[in-house]
2 protein chains.
Amino acid sequence: MKESVVASSLAAEAYAFVRHRILRGELSMGQVISRRKVAAELGMSFLPVSEALLRLEFEGLLESRPRAGTRVRIPSREDVRGHYIVREALEAQAARLFAVVATPEDRADVQKLAARVDAMSVSDASQYLPAHEKLHRRIAEGARCPALSSAIEKTHALASTWFCVTRQTSEGEPPPRRHQDLVDILVAGDPDAAGEAMRQHVARSFENAMERLKPYFRLRKAYGKTFFRSEKRQKKQLIDASALN
Amino acid sequence: MKESVVASSLAAEAYAFVRHRILRGELSMGQVISRRKVAAELGMSFLPVSEALLRLEFEGLLESRPRAGTRVRIPSREDVRGHYIVREALEAQAARLFAVVATPEDRADVQKLAARVDAMSVSDASQYLPAHEKLHRRIAEGARCPALSSAIEKTHALASTWFCVTRQTSEGEPPPRRHQDLVDILVAGDPDAAGEAMRQHVARSFENAMERLKPYFRLRKAYGKTFFRSEKRQKKQLIDASALN
DNA sequence: ACGGAATGTATGATATGACACATTGGGGTG
DNA sequence: CACCCCAATGTGTCATATCATACATTCCGT
């Protein structure tokens, strides 16, 4: 598979390649990544690959131990909680700014996207996550602060790795108009109300995430400190953890 | 000067070394850093140094252009605004959590630190910044969320590079009890009030920062895209920008 | 004397290779 | 049969070398 991305440096190319793989779910959580394998696959030395993996480790997508290996990070309860607390802070700030400085076009776009997301939550589950992220990204754009947008973008990338592996829980109550209600408050223009609404929205996502990731917390403990290189042991641990589901 | 830091890897040592230099103000904004010079100074190859500088660039302390050089980043107006918006979001979140979950010890400590900071704002200006950062760090600790603490830590490190070079503006109104009033609200226990108080506190810091960094915005434009390697040109640009102060 | 092009020099990017350590799986001992 | 030790393999880390590029200096033409 040729990369469509034209990178200025080999390291950037490797970064995009591995990141794309993780976000598409081709690499499951806990899976070990070999720098040399990736380097051979991309036809480059493993030094630019190292730089790319290092960057991904900073972003929280990977974890590595010296001379042991690099693997896709499995979140702990504290990781998920911390992530959603930071995310709540950033998204609430974006909501506050949006309520004040967003243009009429911003508000119209966001309302349109919210309607689409709510519709997808009951019909097309496969496209729900991308649409949901796009809505939040659009809200951040409306806040007119690049630094805030990029900070939020990072948190989304990290969370994406957690959900591309879990099955959609379409069970029970798909509350329609959840996002439409949210953006209705945002476009109204009151920053305090907007921040509070977004805060509650993220808090609901947090509870949902904790529920869906529960089996993986055991998996993380089972993995422990060791980096399994053979797939057999990995599979064994996985089914052991799933059995406790 | 020997490093007291015992690092697991050479890259970590180089990272701590350069970071320490920047935060202590030994490297002024816009100054060019040579990977080979640092490597020779630390007695290592410049590969671990490269890794360290890459990390610092990712954190926003440095900026580099391929095959041109690496220098300490000079902030733009947008950089400072974005930084304080993100910081406001994170610190307000920390304040909210602190108001709810902080222990009695946390609340006592924070009140003690606030009194010290307010006292220093009129007496010992040199120790004011460290004490101020310590107070905010203690508040983040009281929020009981490591991810939030580290996120705030990063923003503080970045801002530190901006102020270790500017003279203290002890002019005019050193409003005493500014921090004591803030923490009085935090310890009261109402999250909404705590978040709002912290938001306003950070907003005041933002206006202060924009005022003090104003001359450097011109300096950034004067530097433009080129990375000066000779010190003469750098000094010339600096005094030219200062003259417009 | 001044401005612009050619040369020299320093920088970052990358490749290759050597090294120390962690994991692995088999074979020996209890 | 369970447990532990140890060579084989794989991994990340780092050093050295080479290359393409950007900056600095010098030299020449005006």
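Every chain is numbered from 1, with letters handed out A, B, ... down the list of sequences.
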Using a cut-off of strictly less than 4.0 Å, decide whether B:Thr70 has a side-chain nitrogen or oxygen near OP1 or OP2 of C:dG12. yes
Close N or O pairs between protein and nucleotides 17-20 of chain D (under 3.5 Å):
none

CZ of B:Arg71 versus C1' of D:dA22: gap in Å, rounded? 13 Å
A:Glu51 CD - C:dA15 C1' separation (whole Å): 14 Å
If each of A:Leu53 and A:Leu47 is mapped to the nucleotide of DNA chain D with the nearest heavy atom, which maps nearer the 5' terminus, i.e. the 5' end? A:Leu53
With respect to A:Glu59, which candidate in A:Arg19, A:Lys154, A:Arg73 satisfies the salt bridge (charged side-chain N to carboxylate O under 4.0 Å, His left out) definition? A:Arg19
Close aromatic pair by centroid cut-off 6.0 Å: A:His156 and A:His83: no
Can you tell me how far C1' of D:dT11 sits from CD of A:Glu63, to the nearest Å? 15 Å
As a test of reading the structure: which of C:dG12, C:dT14, D:dT16 is closest to the side chain of B:Ser45, going by heavy atoms? D:dT16
Under the side-chain hydrogen bond (donor to acceptor under 3.5 Å, both in side chains) test, which residues partner A:Thr155, sequence neighbours left out? none
For B:Glu57 and C:dA13, give me the distance from atom CD to atom C1', rounded to whole Å. 13 Å
For A:Ile85 and B:Leu148, which heavy atoms make the closest approach, and how far apart are they? CG2-CD2, 4.1 Å
Spacing of A:Arg65 atom CZ relative to C:dT23 atom C1', expressed in whole Å: 10 Å
Taking only Lys NZ, Arg NE, NH1 and NH2, and the carboxylate oxygens of Asp or Glu, determine whether B:Glu41 and B:Arg21 approach each other closer than 4.0 Å. yes
5'-most contact on DNA chain C: A:Ala11 or A:Pro66, nearest heavy atom basis? A:Ala11
Mind calculating the distance between OH (A:Tyr15) and P (C:dA13) to the nearest angstrom? 17 Å
Provide, to the nearest angstrom, the distance between the CG atom belonging to A:Leu54 and the C1' atom belonging to D:dC14. 14 Å
Looking at residues at least two apart in the chain, or sitting in another chain, which of them share a side-chain hydrogen bond (donor to acceptor under 3.5 Å, both in side chains) with A:Tyr84? none
How many Å lie between CD on A:Glu13 and P on C:dT14, as a whole number? 10 Å
Starting the side chain at C-beta, find the nucleotide from D:dT11, D:dT13, C:dA22 nearest to A:Ser34. D:dT11
Quick one: does B:Asn208's side chain have a donor or acceptor within less than 3.5 Å of a partner on B:Ser205's backbone? no
